[in-house]
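Here's the structure we're looking at; comments come further down.
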2 protein chains.
Amino acid sequence: MSDLLERLRGRGWRLTAQRRVVAEVLDGDHVHYTADEVHALATERLPEISRATVYNTLGELVTLGEVIEVSTDGRAKRYDPNAHHAHQHLVCARCGTIRDVHPSGDPLADLPSKERYGFAISAVEVTYRGLCPDCAG
Amino acid sequence: MSDLLERLRGRGWRLTAQRRVVAEVLDGDHVHYTADEVHALATERLPEISRATVYNTLGELVTLGEVIEVSTDGRAKRYDPNAHHAHQHLVCARCGTIRDVHPSGDPLADLPSKERYGFAISAVEVTYRGLCPDCAG
DNA sequence: TCTTACATTGGACATTGTCTAAGTCAAGAA
DNA sequence: TTCTTGACTTAGACAATGTCCAATGTAAGA
């Protein structure tokens with residue numbers, strides 16, 4: 001993740017303790033946290049960090065393309081630090097856990113141009129839904 | 001849409017003016033409204049209908065499988081009345097408009113079992129994102 | 001070290017959705 | 001038709017998530 005911090009500094013990011021902590025939290029496990037979870041984990045390392053800063057920083061990381069914003073249900077968005085490898089998501093319909101998966105094939109090729117209605121398509125997301133082994137119990 | 005009302009009555013639904021109005025709004029155009037938009041349109045026909053009833057009714061229609069709930073961004077969920085034909089969504093990244101599209105191929109076949117992590121997969125959603133002709137300006 | 005533009009903070013506010021207690025009514029029974 | 005009853009609706013409080021702003025703090029270059 002020091003890679004990430006270097007990249008960001010190279011893009012003119014001012015390196016503050018708060019931004020460093022948010023970046024470290026995202027780098028930890030390969031889990032997709034909500035903003036509130038990121039805030040809770042960041043608070044453990046930097047107790048005075050504010051909610052607004054966490055939201056700001058996450059938004060900046062998304063804008064810079066370092067993190068992907070995922071909204072799989074109507075609840076809180078989740079932040080996916082695995083932005084540099086193409087992948088899709090497998091979501092548990094009960095507990096909301098997300099796993100990264102790597103389907104074969106290119107879904108974009110499956111959409112004929114007459115079905116594109118003049119849109120300039122820039123991304124395709126595939127979400128697989130079901131019950132995880134724990135919730136299927 | 002009287003089809004829909006008949007089906008619902010057959011399932012023991014009590015047919016109220018409020019539910020009828022919500023169903024009519026969804027039946028109108030093939031647009032994917034938010035709950036608030038449904039409420040606004042329903043209010044034109046039945047001024048005293050409450051927000052809670054609109055939310056309740058939409059939730060019931062989703063549970064009954066008559067309408068699909070779509071959350072393409074972190075904003076309000078949208079309700080898709082086209083539940084009886086398999087389709088996917090094309091979303092404008094700027095204005096949020098949704099169009100139904102019909103890709104060829106079966107995305108579920110593209111996910112090898114070793115990438116399923118023991119999940120019992122029950123649905124696959126594909127979302128194409130890009131700028132619509134109006135927003136591409 | 002000094003300066004200053006950029007970052008952070010706390011809290012108010014906005015949006016979307018959920019819940020509850022009290023009143024209302026659709027639909028079957030008599 | 002009228003009555004009865006349990007399901008439905010309502011208004012508003014509340015909850016969850018996210019955004020905005022003015023005041024304050026600070027990283028980094030001069």
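Order of the sequence lines fixes the chain letters, A, B, ..., with proteins taken first and strands second; residue numbering starts at 1 for each chain.
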Inset, instruction - Kindly indicate whether the side chain of L61(A), heavy atoms from C-beta on, has any atom under 4.5 Å from the side chain of L8(A). - result: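 When only atoms from C-beta onward are counted, L8(A) and L61(A) do touch, with a gap below 4.5 Å.
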Inset, instruction - Counting heavy atoms from C-beta on, name the nucleotide in dT9(D), dT17(D), dG17(C) closest to the side chain of D36(A). - result: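 Closest nucleotide to the D36(A) side chain: dT17(D).
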Legend entry - Contacts of type ring-ring contact (aromatic ring centres under 6.0 Å, His included), residue H87(B), not counting sequence neighbours: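 Residues passing ring-ring contact (aromatic ring centres under 6.0 Å, His included) with H87(B): H89(B).
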Inset, instruction - With a 4.0 Å heavy-atom cut-off, tell me which residues in residues 46-67 of chain B come close to DNA chain C, sorted by residue number. - result: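 Heavy-atom cutoff 4.0 Å gives R51(B), A52(B), Y55(B).
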What is the distance, to the nearest angstrom, from the [atom1] atom on [X] to the [atom2] atom on [N]?
X      : N       : atom1 : atom2 : answer
K77(B) : dA16(D) : NZ    : P     : 15 Å
R20(B) : dC25(C) : CZ    : C1'   : 13 Å
L5(B)  : dA26(C) : CG    : P     : 15 Å

Inset, instruction - Let me have a per-nucleotide readout for nucleotides 23-30 of chain D, 5' to 3', with B, S or -, counting only protein heavy atoms under 4.0 Å. - result: --BBBS--
Inset, instruction - Starting from L131(B), walk the hydrophobic network (Ile, Leu, Val, Met, Phe, Trp, Tyr; side-chain heavy atoms closer than 4.5 Å) and list everyone else you reach, by chain and number. - result: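 When side chains under 4.5 Å apart are linked, L131(B) ends up in no cluster with other residues.
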Return the set of residues passing side chain to side chain donor-acceptor pair (under 3.5 Å) with [X] (not counting sequence neighbours), or none when no residue passes.
X       : answer
Y55(A)  : none
N82(A)  : H85(A), D100(A)
T127(B) : none
Y128(A) : none

Legend entry - Any residue meeting salt bridge (Lys or Arg N to Asp or Glu O under 4.0 Å) with R129(A), in chain and number order, not counting sequence neighbours: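 Result, salt bridge (Lys or Arg N to Asp or Glu O under 4.0 Å) vs R129(A): E125(B).
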Legend entry - Q18(B) side chain near dT10(D) phosphate (N/O to OP1/OP2, under 4.0 Å):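 Checking dT10(D) against Q18(B), a side-chain N or O does come within under 4.0 Å of OP1 or OP2.
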Legend entry - For DNA chain D, the dot-bracket pattern of Watson-Crick and G-U pairs whose distances stay under 3.5 Å, | for other-strand partners: ||||||||||||||||||||||||||||||
Inset, instruction - For residues 45-66 of chain B, pull every pair meeting salt bridge (Lys or Arg N to Asp or Glu O under 4.0 Å), keeping only residues two or more places apart or in separate chains. - result: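 Sorted pair list: R7(B)-E66(B), R11(B)-E66(B), R19(B)-E60(B), E24(B)-R45(B).
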Inset, instruction - Provide the full list of salt bridge (Lys or Arg N to Asp or Glu O under 4.0 Å) pairs with a residue in residues 107-117 of chain A, sequence neighbours left out, each pair given once. - result: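 Pairs touching residues 107-117 of chain A that pass the test: none.
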Legend entry - Shortest non-hydrogen separation from Y79(B) to V67(B) and the atoms involved: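 For Y79(B) versus V67(B), the nearest heavy atoms are CB-CG1, 3.8 Å.
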